[in-house]
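One structure below.
Remember, it's a predicted structure, so these values are computed and weren't measured experimentally.
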Amino acid sequence: MGSHRRTAPSSGSERSTALALGLLSAAATALGAVPPATAAPQEDTRAEVDRLYREAEKATEAYNAADERADALRRDIADAQDGIARKQQRVNTMREALGSLAGSQYRSGGLDPTLSLLLSEDPEDYLRKASVLDRLGVHQTAELRKLRGTLRSLSQDRAEASKRLGALERSREAAATHKRTVERKLAEARRLLGSLPAGERAAWDRASRSGRTDLLGPAGAPASGRAAAAVAAARSALGRPYVWGANGPSGFDCSGLTQWAYAQAGVALPRTSQAQRDAGRQVPLSEARPGDLVLYRSDASHVAMYMGNGQVIHAPYPGAPVRYDPVGMMPVSSVTRV
């Protein structure tokens with residue numbers, strides 16, 4: 001009994017020790033199943049790089065749209081200014097044609113009250129006065145009516161040009177804002193990529209180039225001769241750098257590449273990927289042919305050109321040249337046949 005009493009505490013201690021060892025062993029097994037402490041941060045870093053590149057691409061397309069809008073406004077303003085100059089010359093000629101006396105006095109700035117009213121910016125009150133109209137010849141009346149219409153048109157043109165100048169300034173400001181956004185996000189993405197070990201950077205690049213190709217039917221031939229020419233142009237751009245906001249020929253962003261490739265085929269595509277989505281008719285991905293535009297993500301913020309055999313050519317992101325990738329490298333939103 002005494003021996004049993006002495007051994008009982010020992011047995012309890014052994015059981016406690018065994019239980020503790022078992023718990024430690026289970027914990028060790030569980031910890032062994034968790035990736036190393038550095039894996040999760042690296043995965044988070046890769047996800048953050050993906051997010052930054054997606055947002056930078058959206059901002060790039062917004063910049064392209066604002067820049068395209070500014071270019072169009074500059075052309076409109078130049079045309080409007082030319083038109084205003086021509087109309088002003090016409091006004092001057094018409095005023096002179098109203099009579100040598102009126103022309104002479106108008107040029108010298110010494111008009112009497114009657115002629116001042118005649119040649120005013122708004123001579124309608126003068127025309128409504130029948131007693132004064134009696135003093136005008138039929139030819140002068142007709143000329144004055146033409147002058148009145150031209151002055152009104154000139155005033156409208158000036159007002160419209162002023163509106164376009166305001167829109168141009170707003171478009172410039174928008175482009176500058178998007179440019180700062182793109183540059184900030186790309187700089188942060190480069191910093192994060194640089195913080196990854198070489199193996200992790202390679203894994204991220206492989207992941208960005210993976211995707212399904214089994215959703216496609218037979219490749220077939222290009223849909224048209226111009227599509228074949230665009231395909232040839234896109235192939236000639238392989239290896240050229242991604243340059244955001246650029247549409248060739250030395251560098252490209254995604255929509256810049258497809259726009260440039262089709263320009264070589266004599267087809268004018270819009271500048272942004274969202275606008276390119278609507279530049280032709282939609283076809284199912286399973287029926288894609290070489291030369292078709294493949295739009296990615298729900299907002300169509302990335303575009304590539306289908307090459308056949310489940311491959312596209314595109315300008316991926318800064319640091320990656322124009323290259324082939326699987327068509328399913330990211331979610332496809334639509335396919336456009338130009």
Side-chain angles (χ1 to χ4, degrees), residues 59-182 245 247 255 259 268-279:
T60 297
E61 291 304 293
Y63 168 85
N64 289 338
D67 195 49
E68 186 177 43
R69 167 81 170 147
D71 285 343
L73 284 167
R74 289 186 194 99
R75 291 191 296 270
D76 288 347
I77 290 168
D79 291 343
Q81 288 172 337
D82 287 344
I84 287 169
R86 287 193 298 271
K87 283 186 180 178
Q88 185 62 60
Q89 182 59 46
R90 195 179 311 152
V91 164
N92 295 341
T93 301
M94 292 170 72
R95 276 177 162 154
E96 291 177 359
L98 284 170
S100 59
L101 175 61
S104 174
Q105 290 188 348
Y106 173 73
R107 285 190 295 272
S108 66
L111 293 176
D112 63 42
T114 300
L115 287 175
S116 294
L117 181 59
L118 180 88
L119 297 173
S120 67
E121 293 291 321
D122 182 18
E124 287 191 76
D125 288 341
Y126 187 81
L127 290 174
R128 283 196 292 265
K129 294 179 171 60
S131 60
V132 179
L133 277 174
D134 290 340
R135 297 167 55 188
L136 297 174
V138 174
H139 176 70
Q140 286 178 312
T141 302
E143 289 300 307
L144 185 56
R145 290 185 186 278
K146 289 179 184 178
L147 173 61
R148 180 188 61 188
T150 304
L151 285 169
R152 184 182 296 114
S153 176
L154 181 59
S155 177
Q156 291 171 347
D157 288 351
R158 283 175 172 156
E160 184 61 29
S162 178
K163 288 180 183 178
R164 287 174 178 169
L165 283 169
L168 174 60
E169 185 56 32
R170 290 190 296 274
S171 188
R172 284 172 174 164
E173 291 172 357
T177 298
H178 291 307
K179 180 178 181 180
R180 290 191 295 270
T181 299
V182 172
N247 59 348
S255 57
Q259 183 190 48
L269 287 185
R271 180 61 181 91
T272 67
S273 56
Q274 291 89 350
Q276 289 179 13
R277 173 182 53 193
D278 301 320

### Query
Considering residues at least two apart in sequence or located in another chain, which fulfil the side-chain hydrogen bond (donor to acceptor under 3.5 Å, both in side chains) criterion with Arg271?
Asn64, Asp253, Ser255
### Task
Measure across Glu61 and Thr272 and return the closest heavy-atom pair with its distance rounded to 0.1 Å.
OE1-CA, 3.2 Å
### Partner residues of Lys179 under the side-chain hydrogen bond (donor to acceptor under 3.5 Å, both in side chains) criterion, sequence neighbours left out
none
### Summary
Between the CG atom in Leu168 and the NZ atom in Lys163, the distance rounded to the nearest 0.5 Å is 16.0 Å
### Any side-chain heavy-atom pair of Arg69 and Arg170 under 4.5 Å
no
### Task
Taking all non-hydrogen atoms of both residues into account, name the closest pair between Ala279 and Leu269 and its distance.
CB-CD2, 3.8 Å
Quick one: side chains of residues 73-83, donor-acceptor pairs under 3.5 Å with protein atoms, not counting sequence neighbours, listed by atom name and distance.
residue, atom, partner, partner atom, Å
Arg74, NH1, Asp71, OD1, 2.6

### Query
What closest approach, in Å, do Val182 and Ala59 show between heavy atoms, and which atom pair accounts for it?
CG2-CB, 3.4 Å
### Query
Is a donor on one side and an acceptor on the other found under 3.5 Å between the side chain of Ser153 and the backbone of Gly149?
no
